[in-house]
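One structure is given below, encoded as structure tokens.
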Amino acid sequence: MGVKIAGLGKAVPQMVLSNEKLSERVDTSDEWIRSRTGIENRCIAVTETTEQLATSAALEAISAAGIEAHNIELVIVATVSPDTTMPSTACLVARNIGADRATCFDITAACSGFVFASEVAISMMNQGGYQNALVIGAEVLSKMLDWEDRGTCVLFADGAGAVLYTKSEENQILAIETGSNPKGADQITLPAGVGNHTFYQVEERKQTIQMSGRDVYVFATTKVPESIRKVLEKAQLTPEEIAVYILHQANSRIMDNVAQKLGVPKEHFFKNLSHYGNTSAASIPMALYDAKALLKSGDKIILSGFGAGLTWGTMLLEW
Ligand code: ACO
């Protein structure tokens, strides 16, 4: 027995914010954002919540799979922008979709979150007898941004992607590797909220994303090719044998650089960040959803995430 993908789902907020519109608020330009990142538009939540986006993506994945919510035994949400720390977003999604038998929890691994959550779900399916597992990446990062910091507010955005994994005779998940380098913990940060407190004397920090962009760029362009090579070695494949690379959609230049390091044409790297920006844990399942029309049976696909922690994770799939 193995694990395969039975359904995919995606949800984004209604409001589209273009580079031009953003340039009216902050000292930046369409030309700068486009040339440095590849981003043109992003979807920004006005009324939508992380729970709602995660639920919409989940409902679409379940419907695509034709599986009753009651038969989903595991719901994991990867997010750094939940609406509530308790309960987990996974519990709220399970309640909304009627997954009344599921074990539910959230995972925080920033932009690697979807791959980390998939590794946990697949291990639990292989070892713990879970038949159907829903893994969702969902973010409303716009509420965690300093909209005056042009170094971050032009990059991050909102959305959700869901994958329904099911146990099957055919195995689609050929290899996974994940890792962390806590020495880079200060390179991307988002302080947790502090409520009203009487005794606690720790200095309060602004609850917004801070990032050392250049350091993260160097980390991503070094670690991602290494991680992909590790996974390919496990499966005894070469970079040329991969039909489509789906990387975390942070920056088009990072993807081009990774393509060059692996010695494969950059056209093999799927990109949808021009529409959605960097949606952290949601970006890989959203990109997989958008790429699915291009995928043929038997194609080998790499999914690779990297981000705060520092963390990274790569999965090899056979479509
Ligand atoms: N508009 C105009 N100018 C800007 C903007 C902006 N939005 N942002 C920065 N600049 C300016 C800077 O002030 C700087 O000006 P200076 O030279 O006068 O000081 C100049 O542009 C260059 O700035 P850099 O930061 O060096 O620009 P860089 O080319 O490195 O691009 C970027 C910045 C896009 C952030 C890039 O470093 C990057 O993509 N890094 C990786 C980010 C990433 O991948 N994050 C993923 C993980 S996120 C997570 O885990 C949640």
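These values consider heavy atoms only, across backbone and side chains, with no hydrogens, waters or symmetry-generated copies. Each ligand, and each atom within it, is numbered from 1 in the order the structure gives.
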request  = Considering only non-hydrogen protein atoms, determine which one is nearest to atom 1 (N) of ligand 1 and report residue, atom name and distance to 0.1 Å.
outcome  = T28 OG1, 2.6 Å
message = Can a donor-acceptor pair be found, under 3.5 Å and without considering hydrogens, that links the side chain of E60 to the backbone of K10?
response = yes
request  = For atom 23 (O) of ligand 1, grab the closest protein heavy atom and report residue, atom and distance to one decimal in Å.
outcome  = R214 NH2, 4.0 Å
query = Does at least one non-hydrogen atom of N278 fall below 4.0 angstrom from an atom of ligand 1?
reply = yes
note = Looking only at non-hydrogen atoms, the one of M144, Q187, R36, E31 nearest atom 22 (C) of ligand 1 is R36
request  = Please round to the nearest 0.5 Å and tell me the distance separating atom CZ of R253 and atom OG1 of T221.
outcome  = 10.0 Å
message = Is atom 18 (O) of ligand 1 touching the protein, meaning some protein heavy atom lies under 4.0 Å away?
response = no
request  = Identify the protein heavy atom lying closest to atom 35 (C) of ligand 1, giving its residue, its atom name and the separation to 0.1 Å.
outcome  = L155 CD1, 3.8 Å
inquiry  = When you measure from the side chain of T79 to the backbone of A138, do you find a donor-acceptor pair of N or O atoms at a distance under 3.5 Å?
reply    = yes
query = Looking at NZ of K167 and CE of M125, how far apart are the two atoms once the value is rounded to the nearest 0.5 Å?
reply = 7.0 Å
Donor-acceptor contact below 3.5 Å, side chain S274 vs main chain G38 = no
query = Taking N or O atoms only and a 3.5 Å limit, does A308 qualify as a polar contact for ligand 1?
reply = yes
ask   = Is the backbone N or O of N132 less than 3.5 Å from a side-chain atom of E73, with the two atoms forming a donor-acceptor pair by type?
value = yes
Donor-acceptor pair, side chain of D299 and main chain of I242, under 3.5 angstrom = no
Where ligand 1 meets F156 - atom numbers and elements under 4.0 angstrom, heavy-atom basis = 48 (S), 51 (C)
query = Where the closest heavy atom to atom 40 (N) of ligand 1 is concerned, which of G213, G151, S212 has it?
reply = G213
task = Could you tell me whether atom 30 (O) of ligand 1 has a protein heavy atom closer than 4.0 Å?
result = yes
message = Using modelled atom types and a 3.5 Å cut-off, is there a donor and acceptor pairing between side-chain atoms of K234 and backbone atoms of R229?
response = no
inquiry  = I'd like to check whether T37 has a polar contact with ligand 1, where a contact means an N/O of the residue lying under 3.5 Å from an N/O of the ligand.
reply    = no
ask   = Tell me: protein heavy atom nearest atom 47 (C) of ligand 1, and distance?
value = I188 CD1, 3.6 Å
key: Whether E139 side chain and G137 backbone form a donor-acceptor pair below 3.5 Å   = no
key: Among G307, A110, C111, closest by any non-hydrogen atom to atom 51 (C) of ligand 1   = C111
note = the protein heavy atom lying closest to atom 43 (C) of ligand 1 turns out to be V216 CG1, 3.5 Å
message = Considering both backbone and side-chain atoms of W32, is one of its nitrogen or oxygen atoms within less than 3.5 Å of a nitrogen or oxygen in ligand 1?
response = yes
message = Give the atom numbers and elements of ligand 1 that come within less than 4.0 Å of a heavy atom of V154.
response = 7 (N)
remark   = Looking only at non-hydrogen atoms, the one of N251, T221, T152, T189 nearest atom 32 (C) of ligand 1 is N251
Y289 six-ring centre to K292 NZ/CZ under 6.0 Å and within 45° of normal = yes
ask   = With under 30° as parallel and over 60° as perpendicular, where do the rings of F306 and F219 fit, or are they tilted in between?
value = perpendicular
request  = Heavy-atom contacts with M211 under 4.0 Å: which atoms of ligand 1 show up? List them by number with element.
outcome  = 42 (C), 45 (N)
task = Keeping the roles fixed (side chain from S23, backbone from N19), state whether a donor-acceptor pair exists under 3.5 Å.
result = yes
request  = List the closest protein heavy-atom neighbour of atom 15 (O) of ligand 1: residue, atom name, distance to the nearest 0.1 Å.
outcome  = R150 NH2, 4.3 Å
query = Any idea which atoms of ligand 1 are less than 4.0 Å away from a heavy-atom of I254?
reply = 41 (C), 44 (O)
